Amino acid sequence: MPHCYNRVMPELPEVETVVRDLQPLLVSKCIVSVRVGKHKLRHPWKPRWTKRVTGRKVAALRRRGKWIIIDLDNDSHLLAHLGMTGRFTVEPPEAKTGAHTHLIFTLDSGAQLRFRDVRRFGSVRHCATSTELERELASKLGPEPWELTPDRWLASLKATSRCLKAVLLDQHIVAGVGNIYADEALFAARLAPRQRGRRTSPEQAEQLRLAIVAVLDRAIAARGTTFRDYVGGNGQAGGFQHALAVYGRASEACRECGNEIRLTRLAGRSTHYCPNCQPFRRMQRRRAVS
DNA sequence: CCGACGTCCTGCTAGC
DNA sequence: TGCTAGCAGGACGTCG
């Protein structure tokens, strides 16, 4: 009853929603103890991290790409990724601990911050200094979509032969876009997922950049995408699933033109598109010489 | 160097 | 009805 398995696929809008929801519950609260589960996460929790975080106050909560950053008052930071099924909840200590709960931070408010992750694609780690945190983030992430300049974006596209879908999923180029919003942004820009980066015109690049920002803005306003009713915890369901144009709509009718939405596999991921609205023009063959 | 692909992990579901 | 193979995917490692 308290929780049923729901698919959220946390991308930027979902992570932003989590951060906003957790902020009032965590900021200025003190971590009084840490309890660690027996299953290993991607980055196993180290005992010395417990020493560094206990007694520390949460100074701020923020997001970078799909990463959650919890700033502590000793200039150290918790850096967390939800992966596919990672969930943070704030619950009273007497609340039943669900299966797959890997970390429990007890706060001086009396509540507990809990990290649960069924598939363990997620991670929670500790960075001892902001320098370490910044180095870590810089090695993983390109700019936030809103900070990505048209020039830099076009240069990134022109520099690669990968298809647009793969480029959108590359966190080094633009941070925060995952499989759902990559497909949605490509549809909004009327560009074929298969189109090669370097075949993209400046006009198309700008269309796509604006589409990314617009789709993410709308998804954040809707509190993200949820694929199943979410019950319990402190999270409300997102609403963007109703606004999806292509993702999860394979073989349904395109709302724009009525054509059938296609599903294919690209960059190792399921990829949804409308072949009519997002026509793929093969590379023009040079006219044969002779 | 770059890009493609495999790996991790488990719950759900389609299909026999 | 019951079982199982296949699918879902973000980050990262490996291979060509």
Side-chain angles (χ1 to χ4, degrees), chain A residues 2-16 18 37-44 63-69 79-88 98-103 115-125 127 133 135-142 144-145 155-186 193-200 212 216 219 224-231 241 244 246-251 263-272 283:
Chain A
H3 187 83
C4 51
Y5 184 78
N6 64 323
R7 292 199 297 146
V8 180
M9 298 201 203
E11 301 184 29
L12 191 155
E14 291 73 25
V15 175
E16 178 68 26
V18 168
K38 39 186 173 290
H39 287 285
K40 277 187 179 160
L41 292 168
R42 188 190 294 273
H43 301 284
R63 177 197 60 74
R64 177 78 170 86
K66 301 174 200 169
W67 294 83
I68 295 167
I69 302 159
L79 179 59
H81 198 292
L82 300 177
M84 277 291 289
T85 53
R87 306 284 182 265
F88 273 115
H100 311 291
T101 300
H102 307 294
L103 288 166
F115 182 71
R116 179 172 51 216
D117 186 359
V118 173
R119 288 183 211 170
R120 279 183 271 153
F121 278 24
S123 66
V124 180
R125 56 195 299 192
C127 295
L133 173 76
R135 188 172 6 97
E136 197 64 47
L137 292 173
S139 73
K140 299 177 195 295
L141 301 174
E144 291 287 305
S156 297
L157 290 171
K158 287 294 182 190
T160 185
S161 63
R162 294 147 81 203
C163 62
L164 293 177
K165 174 68 184 266
V167 173
L168 286 172
L169 292 176
D170 187 341
Q171 303 298 298
H172 297 93
I173 294 177
V174 57
V177 180
N179 205 39
I180 297 173
Y181 299 111
D183 283 3
E184 292 299 312
L186 284 165
R194 254 178 231 289
Q195 180 173 319
R196 303 281 169 170
R198 64 167 48 117
R199 310 274 319 168
T200 308
I212 296 166
L216 293 177
T225 301
T226 314
F227 284 103
R228 199 155 302 185
D229 293 334
Y230 181 91
V231 182
Q241 60 276 15
L244 294 173
V246 286
Y247 186 90
R249 301 195 63 241
S251 75
L263 171 61
T264 185
R265 199 129 186 113
L266 214 50
R269 295 291 169 255
S270 62
T271 300
H272 313 69
M283 294 207 287

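Just so we're on the same page: letters track the sequence lines, and every chain starts at 1. This structure is a prediction, so every number in the text was calculated from the model and none was measured.
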Is [X] close enough to [N] that one of its side-chain N or O atoms is under 4.0 Å from OP1 or OP2 there?
| X | N | value |
| --- | --- | --- |
| A/His81 | C/dA11 | yes |
| A/Gln171 | C/dA11 | yes |
| A/Arg42 | C/dC12 | no |
| A/Ser270 | C/dG9 | yes |
| A/Tyr247 | C/dG9 | yes |
| A/Arg198 | B/dC2 | no |
| A/His100 | B/dG11 | yes |
| A/Lys140 | C/dG10 | no |
| A/Thr160 | B/dC2 | no |

Rounded distance in Å - [atom1] ([X]) to [atom2] ([N]):
| X | N | atom1 | atom2 | result |
| --- | --- | --- | --- | --- |
| A/His172 | B/dG3 | NE2 | P | 13 Å |
| A/Arg162 | B/dC1 | CZ | P | 15 Å |
| A/Arg119 | B/dC9 | CZ | P | 13 Å |
| A/Glu136 | C/dC12 | CD | P | 8 Å |
| A/Glu11 | C/dA11 | CD | C1' | 14 Å |
| A/Leu12 | C/dG10 | CG | P | 13 Å |
| A/Lys165 | B/dC5 | NZ | P | 14 Å |
| A/Lys66 | C/dA11 | NZ | C1' | 9 Å |

side-chain contact (heavy atoms from CB on, under 4.5 Å) between A/Glu14 and A/Ile180, worked out: CA-CA 11 Å; A/Glu14 291 73 25; A/Ile180 297 173; 5.6 Å; no
Lys/Arg-Asp/Glu bridge criterion (N-O < 4.0 Å) met for A/Arg64, A/Glu144: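 Answer for the salt bridge query: yes.
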Reported OG1-to-CZ distance for the pair A/Thr85 and A/Arg119, which is rounded to 0.5 angstrom: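 That separation rounds to 5.5 Å.
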A/Phe121-C/dG9 aromatic stacking (under 5.5 Å, under 30°):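 Answer is yes, a stack.
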Any strand: nucleotide that pairs with C/dT1 via Watson-Crick or wobble, under 3.5 Å: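 In the structure as shown, C/dT1 has no Watson-Crick or wobble partner.
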Aromatic ring pairing A/His39/A/His102, orientation class (parallel under 30°, perpendicular over 60°, tilted between):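 Taking A/His102 first and then A/His39, their aromatic rings stand perpendicular (interplane angle over 60°).
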Donor-acceptor pair under 3.5 Å, A/Arg269 side chain vs C/dA8 base: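 No, no donor-acceptor pair under 3.5 Å.
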Candidates B/dA4, B/dT10, C/dA11 - which lies nearest the side chain of A/Trp67: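 Nearest nucleotide to the side chain: C/dA11.
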Shortest non-hydrogen contact between A/Gly178 and A/Leu169, atoms and distance: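 A/Gly178 and A/Leu169 have their closest heavy atoms at C-CD2, 3.4 Å.
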A/Arg265 or A/Val177, whichever maps to the more 5' nucleotide of DNA chain C: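 So the residue in question is A/Arg265.
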Audit row: A/His272, A/Leu244, side-chain contact (heavy atoms from CB on, under 4.5 Å) steps and yes/no: CA-CA 11 Å; A/His272 313 69; A/Leu244 294 173; over 6 Å; no
